[in-house]
*Asks:* 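Submitted below is the structure of interest, expressed as structure tokens.
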There are 2 protein chains.
Amino acid sequence: MPRPKKVSQTQLAKQLGISQALVSLALNGRSTGINPDTYKRIWDHAVGVGYLPKGMRVDSTPDSARVKQIGFILRAPLRLYIPSTYFGHVQHGLHHALEARGYRAVFLGAEDELSPEKLGQIFHPSHHVGGVAVLGEVAQPFMAELTRLTRRVVAISARYHGLCHSVLGNEPQALIEVVRHLHALGHRRIGWLGGNATLGRHDARLAALRQALKTHDLSLDPRYLTVVAEADRAEGGEAIHALLPHAKRRDFPTAFVTYNTQMAYGASLALQREGWKVPGDISLASADVSRLSVEGALRITGAGTSPDKLGEAAARLVLGESMPDEGYADLVLPAPLVIGNSTGPVRK
Amino acid sequence: MPRPKKVSQTQLAKQLGISQALVSLALNGRSTGINPDTYKRIWDHAVGVGYLPKGMRVDSTPDSARVKQIGFILRAPLRLYIPSTYFGHVQHGLHHALEARGYRAVFLGAEDELSPEKLGQIFHPSHHVGGVAVLGEVAQPFMAELTRLTRRVVAISARYHGLCHSVLGNEPQALIEVVRHLHALGHRRIGWLGGNATLGRHDARLAALRQALKTHDLSLDPRYLTVVAEADRAEGGEAIHALLPHAKRRDFPTAFVTYNTQMAYGASLALQREGWKVPGDISLASADVSRLSVEGALRITGAGTSPDKLGEAAARLVLGESMPDEGYADLVLPAPLVIGNSTGPVRK
DNA sequence: CTTGGTTTTTAATAATTATTAAACTAAGTC
DNA sequence: GACTTAGTTTAATAATTATTAAAAACCAAG
């Protein structure tokens with residue numbers, strides 16, 4: 001709902017075809033002697049056109065006086081019920097960092113559930129949402145609309161140049177680290193188990209892998225590159241299963257890089273079930289990190305930014321900490337290598 | 001922050017020992033030419049004495065314009081980053097039902113993250129948390145503490161007799177429906193693929209299965225009963241794999257009931273990979289329902305309560321709708337059979 | 001059509017808030 | 001002491017909002 005400029009009760013009255021006296025009475029809660037339908041019509045219209053009285057600009061309050069809610073929005077087509085350990089960790093980091101500062105994270109909806117009208121309602125100043133974190137990459141028009149309604153917007157794992165702040169992991173670095181690690185272990189034939197086939201993130205990770213291989217004068221063989229629709233453990237198993245029929249070939253890879261730790265874990269289980277040893281026969285390394293990198297008997301080697309840290313950094317940004325006085329900050333967090341036990345030297 | 005009566009900018013100015021002009025400028029965000037300390041002092045004082053401008057009484061808005069918060073808590077050891085499509089759906093239902101009523105769901109933390117001190121802070125009256133939904137079964141002392149702090153507590157998928165409201169699915173009915181369905185298809189040898197081994201819910205579902213089989217004069221053979229640690233697709237595959245070595249036996253089951261749809265789905269993929277046909281060779285049915293029951297090429301037959309509906313019902317309860325004037329309500333929602341294509345007649 | 005009750009408007013004006021140029025004040029520098 | 005600068009006040013007035021009694025309009029029922 002656009003709010004081009006201040007609108008007065010006199011203008012509201014003209015727009016509604018009623019008297020300013022009635023507008024004032026309704027907006028101040030007078031109910032006796034006012035038709036309830038008229039009352040509601042007045043309120044809906046006033047909120048709809050963004051009416052606020054003179055006297056106070058709510059968005060000018062010093063931070064300490066603000067009601068402490070920060071909204072978060074999921075990119076389409078995510079839903080609360082679609083498992084995503086990645087964004088679950090982001091939310092976890094966001095929740096705790098906000099909580100430590102006396103704020104609460106409030107789910108506003110998913111990108112494709114939020115019409116401009118709905119966004120306008122959410123960000124009406126009387127609702128006191130102090131800022132928004134957007135989890136994942138949303139459509140540019142959506143982001144433009146959002147930043148028009150509130151200036152406190154932080155994009156997580158996406159960047160919108162000149163529109164808002166952003167926090168990302170250094171994903172190219174992750175692939176560089178993983179490839180360097182595998183190369184140092186002697187691996188010269190490396191395959192790819194990709195997931196979340198429709199996402200730009202998949203393509204970006206694949207491109208970064210190709211680039212990182214190139215710096216070692218290596219390349220991906222299309223026969224040993226597969227991409228599945230989602231990216232959970234079961235799909236990691238499916239992905240390696242699709243390639244195992246070719247395992248007798250002399251050029252079969254000695255290591256695979258996977259889209260995420262979940263897929264590496266699933267692939268590892270599937271390989272072991274088929275009699276392969278990980279990392280003795282095949283090494284598996286992942287383009288991100290998670291609990292699976294550090295917990296349990298099988299710990300996936302990988303590189304990436306802790307998504308908890310993304311959430312924490314986003315919380316700090318949305319609250320205005322370490323923010324430039326003007327313009328927008330793009331934070332790129334490091335993506336260090338985490339060595340587990342899923343990678344080992346090339347088998348002789 | 002009490003608001004005994006209207007205070008005007010002129011009065012603010014007198015109280016602060018400054019001019020009304022400066023008050024107006026500061027409250028409207030004018031920063032150039034105003035000392036930042038003065039600016040903040042004005043705002044703090046204005047908010048402190050409850051100043052609001054004329055023109056609109058926010059607390060008189062029809063319901064549609066008010067923001068209200070309902071907290072939700074996850075049972076231990078869940079975290080936001082531990083995938084649970086079940087509780088994700090519950091949250092989804094809760095979020096939408098609350099949103100439709102002008103409320104927002106706010107994550108308060110997981111059971112084992114919330115000390116009594118922390119709970120006390122959360123439920124301080126100034127924080128406007130209007131009630132709590134508890135997702136899953138928490139420790140009795142925790143629930144007792146929670147209900148001491150606020151009376152608006154709803155337990156989801158758990159019951160605390162005499163302590164709070166609750167909403168559950170009729171899980172015994174689900175198993176009755178599933179067994180009846182399989183029996184009608186001719187199945188007389190039925191196995192169990194259990195998950196979430198450490199949860200009371202698993203044990204309850206298993207017990208309900210045994211009971212439902214008993215009414216058909218059937219029983220579970222321990223050789224065809226397996227339980228895995230978690231309950232995702234990959235683990236469904238593992239569970240059936242563990243039993244397949246016995247498939248040549250004459251008494252191998254013709255159907256398996258699984259802990260949830262995820263496991264049934266994963267088991268189905270694993271069976272197909274081994275050359276079995278589902279449901280031609282083995283039928284799979286699940287003790288709950290989800291999107292996997294109704295979407296896609298493979299649709300899992302199962303019975304259960306839609307977790308979205310649990311969330312919606314909880315929202316209504318926590319807001320006081322259809323609630324008894326005193327005492328506590330325990331809602332048990334029906335668990336209907338949803339027939340997919342994972343079950344079929346016994347193979348001759 | 002008349003009547004009674006409810007809702008809304010009118011007109012006026014009081015109260016509140018916004019805005020602005022000029023004047024004032026305090027602090028720092030030379 | 002003179003000068004400069006930043007912050008604030010003053011005085012005036014325009015704009016916005018609140019309030020109220022009386023009048024007008026509307027609607028349903030008889």
Side-chain angles (χ1 to χ4, degrees), chain A residues 1-67 124-128 325-326, chain B residues 1-66:
Chain A
M1 202 64 71
R3 183 184 166 195
K5 56 175 182 171
K6 284 278 191 176
V7 59
S8 66
Q9 287 188 357
T10 304
Q11 287 161 341
L12 286 184
K14 179 168 290 189
Q15 290 161 5
L16 288 162
I18 60 173
S19 67
Q20 179 264 328
L22 194 53
V23 168
S24 182
L25 290 171
L27 293 186
N28 281 287
R30 168 75 161 273
S31 50
T32 58
I34 303 184
N35 184 307
D37 291 338
T38 307
Y39 184 92
K40 188 158 194 306
R41 187 162 69 95
I42 292 166
W43 267 102
D44 288 347
H45 184 67
V47 171
V49 299
Y51 168 76
L52 276 173
K54 306 289 187 267
M56 199 181 206
R57 263 187 57 187
V58 182
D59 61 350
S60 302
T61 64
D63 287 352
S64 61
R66 297 187 83 160
V67 174
H124 189 276
S126 64
H127 285 192
H128 304 300
D325 287 343
E326 57 184 357
Chain B
M1 208 68 68
R3 182 183 166 195
K5 58 175 180 173
K6 284 277 192 179
V7 60
S8 65
Q9 287 190 355
T10 303
Q11 287 162 342
L12 286 184
K14 179 170 289 190
Q15 290 162 6
L16 288 163
I18 62 173
S19 67
Q20 179 265 328
L22 193 53
V23 167
S24 182
L25 289 172
L27 293 184
N28 281 287
R30 169 73 161 271
S31 49
T32 58
I34 304 185
N35 183 306
D37 291 339
T38 307
Y39 184 92
K40 190 165 193 306
R41 186 162 69 96
I42 292 166
W43 267 101
D44 287 347
H45 185 69
V47 172
V49 300
Y51 169 77
L52 277 173
K54 306 290 184 263
M56 199 181 205
R57 265 186 55 186
V58 183
D59 61 349
S60 302
T61 64
D63 285 352
S64 59
R66 281 189 87 162

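Chain A is the first sequence line, chain B the second, and so forth, proteins listed ahead of strands; every chain is numbered from 1.
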*Asks:* Show the nearest heavy-atom pair for residues B:Lys54 and A:Pro53, with the distance to one decimal.
*Replies:* O-CB, 2.8 Å
*Asks:* So how far is it from A:Leu25 CG to A:Gln20 CD, rounded to the nearest 0.5 Å?
*Replies:* 8.5 Å
*Asks:* Let me confirm one number: the CG-CD distance from A:Leu16 to A:Gln9, rounded to the nearest 0.5 Å.
*Replies:*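 CD of A:Gln9 is found 11.0 Å from CG of A:Leu16.
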*Asks:* Can you give the dot-bracket line for DNA chain D, where a pair is Watson-Crick or G-U wobble with both atom distances under 3.5 Å, crossing pairs use [ ], and | marks a partner on another strand?
*Replies:* ||||||||||||||||||||||||||||||
*Asks:* Please determine whether a side-chain nitrogen or oxygen atom of B:Tyr51 lies at a distance below 4.0 Å from atom OP1 or OP2 of C:dT17.
*Replies:*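 It does, given that an N or O in the side chain of B:Tyr51 lies less than 4.0 Å from OP1 or OP2 of C:dT17.
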*Asks:* Using atom CG of A:Leu52 as one end and atom P of C:dT17 as the other, report the distance to the nearest whole Å.
*Replies:* 14 Å
*Asks:* Please report, rounded to the nearest Å, how far the P atom of C:dA15 is from the CG atom of A:Asn28.
*Replies:* 17 Å
*Asks:* Could you check how far CD of A:Gln9 sits from C1' of C:dA15, rounded to whole Å?
*Replies:* 13 Å
*Asks:* In chain order, what residues pass the side-chain contact (heavy atoms from CB on, under 4.5 Å) check against B:Leu12, with sequence neighbours excluded?
*Replies:* B:Val7, B:Gln15, B:Val23, B:Leu27, B:His45, B:Ala46, B:Val49, B:Tyr51
*Asks:* Where do N or O atoms of nucleotides 3-5 of chain C meet protein N or O atoms at under 3.5 Å, pair by pair?
*Replies:*
none

*Asks:* Identify the two heavy atoms, one from B:Ile34 and one from B:Arg30, that lie closest to each other, and give their separation to 0.1 Å.
*Replies:*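 Minimum heavy-atom separation between B:Ile34 and B:Arg30: CD1-O, 3.1 Å.
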*Asks:* Give each protein N/O atom lying under 3.5 Å from an N/O atom of nucleotides 21-27 of chain D, with the pair distance.
*Replies:*
none

*Asks:* Look up atom CG in A:Leu22 and atom OG1 in A:Thr38, then write down how far apart they are to the nearest 0.5 Å.
*Replies:*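 If we round to the nearest 0.5 Å, A:Leu22:CG and A:Thr38:OG1 are 6.5 Å apart.
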*Asks:* At their closest point, which heavy atom of A:Ala26 faces which heavy atom of A:Ile42, and how far apart are they?
*Replies:*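 Of all heavy-atom pairs spanning A:Ala26 and A:Ile42, the closest is CB-CD1, 3.6 Å.
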*Asks:* Quick test: give all pairs of protein nitrogen or oxygen and nucleotides 6-13 of chain C nitrogen or oxygen below 3.5 Å, distance rounded to 0.1 Å.
*Replies:*
residue	atom	partner	partner atom	Å
C:dT8	OP1	A:Thr38	OG1	2.5
C:dT8	OP2	A:Asn35	N	3.0
C:dT9	OP1	A:Ser19	N	3.3
C:dT9	OP2	A:Ser19	N	3.1
C:dT9	OP2	A:Ser19	OG	2.8

*Asks:* Whole angstroms only, please: what is the CG-P distance between B:Asp37 and D:dA6?
*Replies:* 17 Å
